[in-house]
Colleague: 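Quick one: this structure, given as structure tokens, is what I'll be asking you about.
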Amino acid sequence: MKVLIAGGAGFIGSTIASACLDGGIEPVILDNLATGRREFADGRSFYEGDIADGDLIDRIFAEHPEIEAAIDCAALIVVPESVAQPLRYYTENVAKGIQFLGHLARNRCDRLIFSSSASIYSAGDDFAVDEDSALAPLSPYARTKALFETALEDISSTGDMRIISLRYFNPIGADPKMRTGLQVRRPTHALGKMIEAYQNGETFQVTGVDWGTRDGSGIRDYVHVWDLARAHIQALTRFGTVLPEGGTETYKVINLGTGTGTTVFELLEAFAEVTGTPLPSVEADRRPGDSAGAYSRGTRAASLLDWRPASSIEEGIRDSLTWFAKRDSVIGTEG
């Protein structure tokens, strides 16, 4: 089996590609390297280019006619950046995504797994959400995900394409074999900022301490990126069961989280347990586009994909630290 992974040289896409290889599935990587790394595609079928480039995608399918499905991980994902550059985010995440769907349809690729986000949910008083929870995306980034999902559902309704949207919660960790990991040098998410502060001897900023959570800091559901990658393998192998060919259902949403909410202050405690050293912190104002956060509930991933997270938050922190220590030997010190 071959699968096309758009954005397959990025953090999550490359980890999915590694899981595919370990599971006997051959990944074909498409990435424009805007944020992805060429090193993450070493030894894999790789095409540098844009998801909106129809000629390139036609060539990929001509050279790999065995491709049975596509995974779309190609997106810009930085919330503060989306607030500052909404036009860029709607162009990359929505307009080009629609073109990509057309190129897939033309090449008769009728199975798509979309990398979506739990940031589109409106969390209730307990901050827990399931696939039927109301949506209220608060940033341009989150709104691009919600808008594109609307398009996916409409487009799939014709029956020409079946689509599974996997709504990720908050990925941490790295490929356990350390083939790939988070490639950006100035991470914007909490754990990345903690590691940066830890390595540089700086103070970590807890941005936003007036949320309605148990300790006032934001709450997230931290899921190991390898667990996310495993879920994609399950979605590929069970695709025909989740969305049977010729069936009435053509679109399915599945959350990927641990079912446990962790606040930023609690993440700091877990970080200290792993490192053996408390990390100095200071309280700061919310960032543009921030939300209180949410965590997953429900059993849809377990029942449909036979998937459950296997790694603890401490393992995610430990693997992240291991990767950050090794990263420069994999991708160099530039870029």
Side-chain angles (χ1 to χ4, degrees), residues 4-13 16 29-36 47-58 60 69-107 109-122 131 133-158 160-171 184 188-189 232 235 250-256 288-291:
L4 173 62
I5 306 179
F11 171 40
I12 296 175
I16 295 169
I29 308 303
L30 170 64
D31 201 299
N32 64 8
L33 301 183
T35 57
Y47 294 81
E48 182 179 353
D50 200 275
I51 60 173
D53 186 341
D55 291 341
L56 175 58
I57 292 169
D58 289 347
I60 292 172
I71 299 174
D72 183 6
C73 300
L76 300 175
I77 63 170
V78 180
V79 169
E81 184 181 70
S82 78
V83 175
Q85 302 177 47
L87 178 59
R88 181 181 177 219
Y89 269 67
Y90 277 94
T91 300
E92 297 294 328
N93 293 2
V94 180
K96 288 186 178 182
I98 297 295
Q99 290 180 275
F100 182 53
L101 292 175
H103 302 325
L104 293 179
R106 185 176 59 253
N107 284 282
C109 181
D110 63 354
R111 296 184 177 195
L112 175 68
I113 297 172
F114 175 58
S115 298
S116 192
S117 170
S119 65
I120 68 177
Y121 284 118
S122 172
E131 290 87 351
S133 295
L135 306 185
L138 297 179
S139 68
Y141 159 70
R143 286 191 282 272
T144 65
K145 290 293 187 180
L147 180 58
F148 195 61
E149 276 205 31
T150 299
L152 291 177
E153 187 168 9
D154 286 342
I155 291 166
S156 71
S157 67
T158 64
D160 294 330
M161 184 174 289
R162 289 170 289 158
I163 301 171
I164 297 174
S165 282
L166 299 178
R167 290 178 180 166
Y168 305 165
F169 281 76
N170 298 79
V184 298
T188 60
H189 67 286
H232 288 73
T250 57
Y251 183 74
K252 180 66 74 174
V253 170
I254 302 175
N255 285 344
L256 297 180
D290 272 351
S291 66

Colleague: Are Glu131 and Lys252 within salt-bridge range, i.e. N to O under 4.0 Å?
Modeller: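 Answer for the salt bridge query: no.
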Colleague: OG1 of Thr144 to CZ of Arg88: how many Å apart, nearest 0.5 Å?
Modeller: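 The OG1 atom of Thr144 sits 12.0 Å away from the CZ atom of Arg88.
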Colleague: Return the minimal non-hydrogen interatomic distance between Pro171 and Ile12, and the atom names on each side.
Modeller: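 That would be CG-CD1, 3.8 Å.
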Colleague: Roughly how far, to the nearest 0.5 Å, is the CG atom of Asp55 from the CD1 atom of Ile60?
Modeller: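 Interatomic distance, Ile60 CD1 to Asp55 CG, rounded to 0.5 Å: 11.5 Å.
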Colleague: Please find the pair of heavy atoms, one from Ala105 and one from Met161, that lie closest to each other, and give the distance.
Modeller: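 For Ala105 and Met161, the tightest heavy-atom pair comes out as N-CE, 4.1 Å.
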Colleague: Counting only N and O atoms by type, is there a donor-acceptor contact under 3.5 Å from the side chain of Ser82 to the main-chain atoms of Tyr141?
Modeller: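 Indeed, once roles are kept as given, a pair shorter than 3.5 Å links the two residues.
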Colleague: So, do Leu135 and Tyr121 sit near enough that their side-chain heavy atoms are less than 4.5 Å apart?
Modeller: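 Side chain of Leu135 against side chain of Tyr121, heavy atoms only: contact under 4.5 Å found.
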Colleague: Search all heavy atoms of Ser291 against all heavy atoms of Leu138 and return the closest pair with its distance.
Modeller: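 That closest heavy-atom pairing would be CB-CD1, 3.6 Å.
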Colleague: Please examine the side chains of Tyr251 and Ser157, heavy atoms only from C-beta on, and report whether any two atoms are closer than 4.5 Å.
Modeller: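 No, side chains not in contact.
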Colleague: Of the non-hydrogen atoms in Ala75 and Asn93, which two are nearest, and what is the gap between them?
Modeller: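 Distance-wise, the nearest heavy atoms are CA-OD1, 3.4 Å.
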Colleague: Can you sort out the partners of Glu153 under side-chain hydrogen bond (donor to acceptor under 3.5 Å, both in side chains), two or more places apart, ordered by chain and number?
Modeller: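 For Glu153, no residue satisfies side-chain hydrogen bond (donor to acceptor under 3.5 Å, both in side chains) once neighbours in sequence are set aside.
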Colleague: State, to 0.1 Å, how close Cys73 and Ile5 come at their nearest heavy-atom pair, and which atoms those are.
Modeller: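 Minimum heavy-atom contact is SG-CG2, 4.5 Å.
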Colleague: Hey, does the side chain of His103 reach the backbone of Ala52 with a donor-acceptor pair shorter than 3.5 angstrom?
Modeller: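 Yes, the answer is positive, given that a donor and an acceptor are paired below the 3.5 Å cut-off.
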Colleague: Using 0.5 Å steps for rounding, measure from the NZ atom of Lys96 to the CG atom of Asp72.
Modeller: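 So the gap between those two atoms works out to 12.5 Å.
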Colleague: Determine the minimum heavy-atom distance between Pro288 and Val79, stating which atoms define it.
Modeller: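 Distance-wise, the nearest heavy atoms are O-CG1, 3.9 Å.
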Colleague: Any heavy-atom pair between the side chains of Asp110 and Arg162 that's under 4.5 Å?
Modeller: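 Yes, at least one pair of side-chain atoms sits under 4.5 Å.
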Colleague: Can you tell me how far the CG atom of Asn170 sits from the OG atom of Ser119, to the nearest 0.5 Å?
Modeller: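 Separation between the atoms: 9.0 Å.
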Colleague: Should His232 and Ser115 be marked as a side-chain contact (heavy atoms from CB on, under 4.5 Å) after you check the CA-CA gap, both sets of side-chain angles, and the distance that decides it?
Modeller: CA-CA 10 Å; His232 288 73; Ser115 298; 4.3 Å; yes
Colleague: Please lay out, stage by stage, how Ile77 and Thr35 fare under the test side-chain contact (heavy atoms from CB on, under 4.5 Å).
Modeller: CA-CA 10 Å; Ile77 63 170; Thr35 57; over 6 Å; no
Colleague: Phe148 versus Leu101: any side-chain heavy-atom pair under 4.5 Å?
Modeller: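 Phe148 vs Leu101: side chains touch.
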Colleague: If I take atom OG1 from residue Thr150 and atom CD1 from residue Ile155, how far apart are they, to the nearest 0.5 angstrom?
Modeller: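 Going from the OG1 atom of Thr150 to the CD1 atom of Ile155 covers 10.5 Å.
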Colleague: Within the 4.5 Å heavy-atom criterion, are Ile51 and Leu30 side-chain neighbours or not?
Modeller: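 SC-SC contact between Ile51 and Leu30 confirmed.
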Colleague: Do the side chains of Tyr89 and Val94 get nearer than 4.5 Å, heavy atoms only?
Modeller: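 The answer is no, as the side chains (C-beta and beyond) never meet within the 4.5 Å cut-off.
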Colleague: Under a 4.5 Å cut-off applied to non-hydrogen side-chain atoms, are Val78 and Val184 in contact?
Modeller: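 The answer is no; the side chains never approach within 4.5 Å.
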Colleague: Nearest 0.5 Å, please: how far is CG in Leu256 from OG in Ser117?
Modeller: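 These two atoms lie 11.0 Å from each other.
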Colleague: Do Cys109 and Leu4 touch side chain to side chain, with heavy atoms closer than 4.5 Å?
Modeller: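 Result no, sub-4.5 Å side-chain heavy-atom pair not found.
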